[in-house]
There are 2 protein chains.
Amino acid sequence: MRRCGSGACRLRRVIDMFQLDLKSRKSIYEQIVDNVKELIITGMLKTEEKIPSVRELSKTLTVNPNTIQKAYRELEYQGYIYTVSGLGTFVASPAELPIDEKRVSDVKAHIRENMKELFYIGCSLDSIKKILDELTEERSDWNDKGK
Amino acid sequence: MRRCGSGACRLRRVIDMFQLDLKSRKSIYEQIVDNVKELIITGMLKTEEKIPSVRELSKTLTVNPNTIQKAYRELEYQGYIYTVSGLGTFVASPAELPIDEKRVSDVKAHIRENMKELFYIGCSLDSIKKILDELTEERSDWNDKGK
DNA sequence: ACAGTGTATTATGTCATATAGTACACTGAG
DNA sequence: CTCAGTGTACTATATGACATAATACACTGT
């Protein structure tokens with residue numbers, strides 16, 4: 001059974017995309033969770049594609065294996081990846097994502113708070129709408145990649 | 001010198017608005033920072049208005065004075081409040097807020113990430129635009145209050 | 001003088017995080 | 001079967017942020 005897609009070469013490139021900031025207040029495992037999420041959401045990592053093993057990513061990032069494992073566990077819990085014991089960890093299909101209404105409302109509330117702050121700081125309404133427009137364009141790019 | 005506005009009665013109401021969740025992963029002082037910011041941004045706390053003293057808020061929330069102090073220090077650093085030794089702590093004018101370009105781009109980036117996640121989870125574009133629209137209406141309410 | 005304010009300091013305990021080391025079960029390739 | 005590679009589990013330890021406790025000082029207006 002071959003699930004690794006285009007193999008180690010592509011995997012390497014993906015690994016190199018991780019950006020860790022040890023000085024950040026964000027914990028390392030959180031940064032890994034967010035990075036992998038980002039790669040999946042933007043389509044850099046595609047459905048059913050294999051992601052680096054716990055030990056491999058551990059060596060690449062010079063981070064303890066337990067920390068990677070914690071991140072993967074969280075990602076699996078959220079439905080973004082799934083694991084097959086003895087084989088590896090793979091990107092789950094978006095269709096298999098649980099419909100998490102609480103998560104949706106939480107994220108929306110978060111967006112509202114951020115927008116409020118931008119208003120208060122002095123950002124114009126248009127400047128904020130612009131973010132949405134840019135994202136709409138990017139999104140069509142993702143769709144093109146998927147074809 | 002009287003800066004307390006409409007006095008202790010109004011102050012009481014403001015204090016009662018604080019919502020602390022000890023079970024949250026968010027630290028207490030962060031929750032206080034966010035709560036005060038929220039009250040200022042939405043206009044519940046107006047410019048030059050006095051906010052509860054460290055010791056008073058400490059008693060009301062059953063939280064250590066040092067924790068309140070830490071929150072106030074952070075709020076002062078961010079430019080939302082200012083303190084006068086021996087007098088108290090007051091809401092700063094938005095005009096005095098430092099133009100923090102980094103903060104702006106950080107918050108915008110954060111909004112983008114959140115929107116991306118909503119897309120991936122399965123939210124429609126309209127559902128996200130709706131947040132912006134609702135906020136626009138609310139904003140006119142804030143402006144009305146300010147008049 | 002006094003009460004109320006902000007501020008500073010030291011000490012203590014708790015918890016999440018990250019690391020270290022070890023062990024076990026599973027898989028595919030040889 | 002043997003072996004390397006995979007995920008997983010567990011204990012132990014160190015570190016730092018967080019929160020509390022207790023105390024002290026300087027300033028303000030009454």
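Just so it is clear: chains get the letters A, B, ... in the order the sequence lines come, proteins before strands, and each one is counted from 1. The structure presented is a predicted model; accordingly, all values stated were derived computationally and were not measured.
Taken to the nearest 0.5 Å, the NZ atom of B/Lys116 stands 12.5 Å off from the CG atom of B/Leu118. Taken from CD1 in A/Ile128 to CG in A/Asp133, the straight-line distance is 12.5 Å, to the nearest 0.5 Å. We find the NE2-CE distance between B/His110 and A/Met115 to be 13.0 Å, quoted to the nearest 0.5 Å.
Across the protein-nucleic acid pair, B/Leu87 atom CG and C/dT7 atom P stand 12 Å apart, rounded to whole Å. In this structure, A/Lys50 places its NZ atom 13 Å from P of C/dG28, rounding to the nearest Å. Distance, A/Lys59 NZ to D/dA4 C1': 11 Å, rounded to whole Å. Here C/dT17 presents its P atom at 15 Å from CZ of A/Arg25, a figure rounded to the nearest Å. In this entry the distance linking CG of A/Asp21 with P of C/dA18 reads 12 Å, nearest Å. Between the CD1 atom of B/Ile28 and the C1' atom of C/dG13 there is a distance of 14 Å, rounded to whole Å. Rounded to whole Å, atom P of C/dT19 lies 12 Å from atom CG of A/Leu57. Separating the CD atom of B/Glu74 from the P atom of D/dA17 is a distance of 14 Å, rounded to the nearest angstrom.
Using bins of under 30°, 30° to 60° and over 60° for the plane-to-plane angle, the ring pair A/Tyr120/B/Tyr80 lands in the parallel bin.
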Please write out the pairs of protein N or O atoms and N or O atoms of nucleotides 8-13 of chain D separated by less than 3.5 Å, giving the distance to one decimal.
unit_1, atom_1, unit_2, atom_2, d
D/dT8, OP1, A/Thr83, OG1, 3.0

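Residue B/Asn64 places its side chain closer to D/dA21 than to any other of C/dT5, C/dT19, D/dA21. Between C/dT17, C/dT27, D/dT20, one nucleotide has an atom nearer to the side chain of A/Tyr29 than all others, and that is C/dT17.
The main-chain N or O of B/Val63 is found under 3.5 Å from a side-chain atom of B/Ser58 such that the two form a donor-acceptor pair. Remark: side-chain polar atoms of A/Glu49 are paired, donor with acceptor, to backbone N or O of A/Lys46 under 3.5 angstrom.
When the side-chain nitrogen and oxygen atoms of B/Lys70 are compared with OP1 and OP2 of D/dA19, none of them lie within a distance under 4.0 Å. For the OP1/OP2 pair of D/dC18 and a distance below 4.0 Å, the side-chain nitrogens and oxygens of B/Thr67 include no atom meeting the criterion.
Two different hydrophobic clusters hold A/Tyr77 and A/Leu57 under the rule that ILVMFWY side chains link at heavy-atom gaps under 4.5 Å.
Heavy-atom distances to DNA chain C give each of A/Gly86 and A/Val63 a nearest nucleotide, and the one nearer the 5′ end belongs to A/Val63.
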